[in-house]
Number of protein chains: 2
Amino acid sequence: MGKNTGAEAAGQGQAEAAGQGRAEAAGQGRAEAAGQGRAEAATKASAAGQGRRVTIREVADRAGVSIATVSRVLSGNYETPAATRARVLRAARELDYVANAHARALVGAGRKMVAVVVRQVTSPFYAQVAEGVEAEAATHGWLCLVAATGGDAQRELEIVQLMREEGARLVVLVGGVVEDDAYRERVAHYAQALDASGARLVLCGRPAPVPDIPALVVEFDNEAGAHAITSHLLSAGHRRIVFVGALSGNTALDARVAGYRAALAEHGLPAESAHVVDCGLGRSAGLRAMTALLKESGGAPDFTAVFAGDDMVAAGVLRAVADAGLRVPEDISVVGYNDVPLAEDFDPPLTTVRTPAEELGRAAVRLALRDPEHAAGTHHLLGTHIVVRDSVQPPPPGPALSDGGSPTA
Amino acid sequence: MGKNTGAEAAGQGQAEAAGQGRAEAAGQGRAEAAGQGRAEAATKASAAGQGRRVTIREVADRAGVSIATVSRVLSGNYETPAATRARVLRAARELDYVANAHARALVGAGRKMVAVVVRQVTSPFYAQVAEGVEAEAATHGWLCLVAATGGDAQRELEIVQLMREEGARLVVLVGGVVEDDAYRERVAHYAQALDASGARLVLCGRPAPVPDIPALVVEFDNEAGAHAITSHLLSAGHRRIVFVGALSGNTALDARVAGYRAALAEHGLPAESAHVVDCGLGRSAGLRAMTALLKESGGAPDFTAVFAGDDMVAAGVLRAVADAGLRVPEDISVVGYNDVPLAEDFDPPLTTVRTPAEELGRAAVRLALRDPEHAAGTHHLLGTHIVVRDSVQPPPPGPALSDGGSPTA
DNA sequence: CTGAAAGCGCTTACAG
DNA sequence: CTGAAAGCGCTTACAG
């Protein structure tokens, strides 16, 4: 509290001179505008004050030209004599005029706007994708709107509806999903509706739920990434690897599980050696599932490594292992997925699969904007790679290993 | 509004067979609509195909009523005979009509929209605040738009301009800032301009740069939080505490430094005992600064604890300490600020100050929406508290302690 | 070079 | 109960 008074006392001398004086000047500008309009404008102006925006009419009156001229000067699409131009710009500045985007959109092509729909903004992975979309959109001079569904289908539907109403030209749906019939229907509908109005749907980090819908798909090769990290574990000598954090039906997770199983099979391990814990995503899910797993085995786990469905699950797994008095990687190796920004600060630094999330977002926009006609229906796969840190080492000798597969690698 | 048609669209989807079938059916609906419109509509329809949205006119024609009736049925503000109502709804559904938000905004009050402006969405703290704003906005049926400035004043200005154009009724500027004259002027202008058009500006996590501007302020008591965590370090016996991650001129950081200094002074330590490293925020800044600090002291640091400007800086500090072969908290204690989601997963789990970021965002919206007239100009301070984890313990005996203050506490 | 006018897609008094 | 009409604030052919 003392800070405020302190800060103000310190910085306010300057503020007085600059900001405060500015505010007054601006206020005067408005008053002046109201009093100086012509007949018709003046009438409106009297009803002004709070809640009325300055319109092009007022700028025209003040500049002594028609609204057409103001429009032309401000949009900058026409040649205009310097004198007229100056008068208009001056009037606009004095009134602090900003065009009404709605009126403009109604007649023109509308604002170039892209909407990113994520489950939640606080998820580091989604945030990175959103940042990528935004960065790329900004590059092209487009506005980017980020919206969160909270995982609720109804809200997702409302958001897309909203985007259609607002005239978004590009809607990007981000992240893996559980594909049920309702979902397939919904997305097919989005794609069709957006396409019918000349807008575009991009599925980012998830496949097309039905073939031949007018949507662009950009996703990571989850199966390949999972295969690679599982192989990494296998080459370190692990044979009993548990996958914690599956989410049955979810496109991204199912693909990772598939990659995990494929790697196991390729190394000659029987299908039964796969152990998938379907506990879903999130730190707390990982913590809970791993705690249970450790408890079941009564201190002598029958596995030597854990493949966490994503880095947040890995965080929970790490905590559970520590809480059980075990060490990573000495007793149990752990790998994650995504390489979230703080994964290198985990204890120990996490070995994981780097999915260039921001690039995924950028690619979504770039591809959709390039050759719009042809983009729909294409499917792009982005590569990933392993980031080796300190959470993996060869399994310890002991019962866990002995009852695993053949320790040949 | 969209709610009506949206729900209906969903309902219809289920009625239809499956995703794919749905898409086809919808496609037919469009074709049918084009071919079945009346004279004028038919003309337009021929130019249709890609890029044309269905309008209220077409719905009216198909339902055999006037556009006024369609408007009334869809907006749901008027009583309508069931028969008419059914015909209109049916037509709207068949054409998959969504109202043009711009046209609607032009005549009506406009969509209730709040914009959150943050530095970047990938910062966990900002993301949490944004999520709070969004959650609270959703509660009130408002749309929430998240935009990022990347720390660029020009972009911030453009975003606010954009929000004015779009008719946002609430603009929330999030996070501490470096207050220079240009900034003060800018914000005073935003406040005035927004206020003049009946919109509202909320400064969230930063003070008002000039007194008496029409803006609502909601922020944390940074000085109190910093004072508390510094005292925590002092009570553990630390006397040589370095503040790493100051950002001179930044409102939030200056307040934290002030709280740090105040706590030191209250414990009877001389002003010189304060050591502030002005390296700015971010993990890499913390890593770099701490590495340099450790290097300077050649293995025998003249401090026993570090107060990191925020948790990301703390992550960098932790890494630097580990890289130098020292341990936290045995050799050096470290505390952060904000209690970012993964702070408990740091090595060791970080003792820090919990700033309820989501609540800050919620409060911003709640306060702005409640009693709008009176809200402007008020200033709210939210409390914080210390979260004790494992990164602090009494300082080790040795040179660092001996040349500190008197070890009495 | 610049106005007057039409029209974008809606909503809402105003009259039946 | 429901149409015809005015009007929201712009842009853009269309005529000077």
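Quick note: numbers below take in every heavy atom, side chains included, and nothing from hydrogens, waters or symmetry partners. So you know, we letter chains A, B, ... as the sequences are listed, proteins then strands, and number each from 1.
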Selection from C:dC10, C:dG3, D:dT2 that lies nearest to any side-chain heavy atom of A:R72: C:dG3
query: Counting any heavy atom closer than 4.0 Å, what does A:S75 reach on the DNA or RNA strands: base, sugar-phosphate only, or nothing?
result: nothing
- prompt: Are A:R169 and A:R200 side-chain neighbours, meaning at least one heavy-atom pair lies under 4.5 Å?
  reply: no
- request: Using heavy atoms to find the nearest nucleotide of DNA chain D for A:A68 and B:S66 separately, return the residue whose nucleotide is more 5′.
  value: B:S66
- prompt: Over how many whole Å does the gap from A:R104 atom CZ to D:dT11 atom P extend?
  reply: 5 Å
query: Closer to the 5' end of DNA chain C via nearest nucleotide, is it B:V70 or A:T69?
result: A:T69
- line: Quick note, A:T80 side chain, CB onward, closest among C:dT2, C:dG9, D:dC10 is C:dT2
task: Please work out the stems of DNA chain C from pairs that are Watson-Crick or G-U wobble with both distances under 3.5 Å, keeping only runs of three or more consecutive pairs.
output: C:1-3 with D:14-16, C:5-12 with D:5-12, C:14-16 with D:1-3
message: I'd like to know if the side chain of B:E136 pairs up with that of B:H140 as donor and acceptor (distance under 3.5 Å, no hydrogens or angles considered).
response: yes
query: Any luck finding a side-chain donor-acceptor pair between B:E165 and B:Q161 under 3.5 Å?
result: no
task: Please check the phosphate of C:dC8 (OP1 and OP2 only) for any side-chain N or O of B:T55 closer than 4.0 Å.
output: no
- request: Take atom OH of B:Y78 and atom P of D:dT2, then tell me their distance rounded to the nearest Å.
  value: 13 Å
field: Over 12 non-hydrogen atoms of neighbours within 6.0 angstrom of CZ in A:R155
entry: yes
message: Here's a test for you: under side-chain contact (heavy atoms from CB on, under 4.5 Å), which of B:L170, B:V171, B:V174 qualifies with B:V116?
response: B:V174
Steps toward salt bridge (charged side-chain N to carboxylate O under 4.0 Å, His left out) verdict (B:D96, B:R53): CA-CA 10 Å; B:D96 196 19; B:R53 281 173 61 172; over 6 Å; no
